[in-house]
Every structure is written in structure tokens, then in C-alpha cells.
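Everything below concerns the one structure shown next.
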Amino acid sequence: MIIFGTKSYLYQLAIITLVCGNCGNPAAHSLRKKVTKFSLFFVPLFPIATSYQTQCTFCGTEHKVPKDQADGLLAHGSGSQGGQGLQAPGQPQSGGPSQGNNPYA
């Protein structure tokens with residue numbers, strides 16, 4: 001008797017601020033990688049499918065993205081972490097000129 005099947009694994013790669021295509025809000029999106037692996041006797045052996053998706057944290061909408069676009073988003077997100085690049089869409093809503101005095105912005 002041989003027991004085989006598949007199992008999916010979901011990896012969160014980054015959280016990136018983007019404008020949502022569904023709700024139109026600048027919100028955080030989680031970039032995720034889904035890997036489906038072939039299993040033999042409950043041991044995952046090798047990947048058979050890989051896909052990437054983003055999910056809006058505001059409305060919950062998920063969008064599939066191709067691998068090259070996911071790599072570009074990952075490079076953009078990791079290159080500007082901790083800087084003003086990720087906070088730029090939220091700044092006009094939160095106060096205007098008084099933001100210049102904040103040493104943490």
C-alpha cells in the first residue's frame with residue numbers, strides 16, 4: 001500500500017503599502033507565496049506548483065500576481081523598509097505641515 005498526496009504551504013514574504021485595486025485605499029498588502037508539494041507517506045518531497053498573491057488588509061481582497069511582479073514588489077518593499085517610502089501614502093491624511101517636526105517620520 002502506497003500513501004501519496006499533496007500539501008500546500010503558505011509563506012508570508014513581506015507587507016507592502018499599495019493602493020488597493022478593489023477598494024481604492026492606500027493600505028498594507030501582505031505578499032504571500034503558496035507552494036504545493038508532493039507527499040509520499042506523509043513526507044513532503046518536492047514542489048509541484050508555486051503561486052504568488054497579495055491580500056489587502058483593509059478589505060481582504062486577494063489578487064494573484066506573476067513571479068516577476070512579486071519579485072519586484074519584494075525588492076521594493078525590502079529596499080524601503082523603515083524609511084519614508086512605505087509611509088508616504090498615509091502622510092497626507094494624518095496631519096499635513098506638523099509632520100515636519102516629528103523626528104521618527
Side-chain angles (χ1 to χ4, degrees):
M1 182 164 105
I2 298 175
I3 301 172
F4 65 94
T6 60
K7 183 171 182 181
S8 295
Y9 297 91
L10 193 62
Y11 302 103
Q12 183 167 330
L13 301 177
I15 296 180
I16 305 165
T17 301
L18 300 171
V19 176
C20 181
N22 186 43
C23 63
N25 291 314
H29 284 70
S30 58
L31 178 63
R32 298 176 179 167
K33 177 181 179 181
K34 181 180 177 183
V35 179
T36 304
K37 294 186 177 184
F38 176 78
S39 299
L40 184 64
F41 293 106
F42 304 106
V43 177
L45 295 176
F46 55 88
I48 57 173
T50 303
S51 64
Y52 295 89
Q53 62 188 9
T54 60
Q55 181 179 16
C56 178
T57 57
F58 190 82
C59 66
T61 303
E62 294 183 1
H63 295 284
K64 290 191 176 187
V65 294
K67 183 183 184 325
D68 56 346
Q69 185 179 1
D71 290 339
L73 287 171
L74 188 59
H76 172 69
S78 65
S80 61
Q81 272 186 347
Q84 296 176 357
L86 294 177
Q87 299 172 356
Q91 286 178 353
Q93 297 175 354
S94 61
S98 64
Q99 288 286 332
N101 297 333
N102 187 356
Y104 300 107

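This is a predicted model, so every value here is computed, not measured.
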**Q.** Heavy-atom check, side chain of Leu74 versus side chain of Leu31, under 4.5 Å
**A.** yes
With Gln55 as partner, the option from Arg32, Gln12, His29 fulfilling side-chain hydrogen bond (donor to acceptor under 3.5 Å, both in side chains) is Arg32
Show your working on side chain to side chain contact (heavy atoms under 4.5 Å, CB included) between Ile2 and Leu40 and close with a plain yes or no.
CA-CA 8 Å; Ile2 298 175; Leu40 184 64; 3.6 Å; yes
Between Ala28 and Thr57, the two heavy atoms sitting closest are O-OG1, 2.8 Å
- request: Would you check if Ile48 and Thr6 make a side-chain contact, meaning some heavy-atom pair closer than 4.5 Å?
  value: yes
* Connected via hydrophobic side-chain network under 4.5 Å: Leu10 and Val35 -> no
Rounding to 0.5 Å, atoms SG (Cys56) and CD (Glu62) come to a distance of 11.0 Å
Exercise for review: Decide yes or no for Thr54 and Thr61: does some side-chain heavy atom of the first lie under 4.5 Å from some side-chain heavy atom of the second?
Suggested key: no
So with a 6.0 Å cut-off around OH of Tyr11, is the heavy-atom count from everything else above 12? yes
Measure from NZ or CZ of Lys37 to the centre of the six-membered ring of Tyr9 and say whether it is under 6.0 Å with the direction within 45° of the ring axis. yes
Consider only side-chain heavy atoms of I, L, V, M, F, W and Y, link residues closer than 4.5 Å, and tell whether Val43 and Phe38 are in one cluster. yes
Do Tyr52 and Lys67 come close enough that some side-chain heavy atom pair is under 4.5 Å? yes
Rounded to the nearest 0.5 angstrom, the CG-SG distance for Asn22 and Cys59 is 4.5 Å
* To do: Decide yes or no for Pro44 and Lys7: does some side-chain heavy atom of the first lie under 4.5 Å from some side-chain heavy atom of the second?
  => no
Handout entry: Verify same cluster id: Leu18, Phe58 (apolar side-chain graph, 4.5 Å)
Key = no
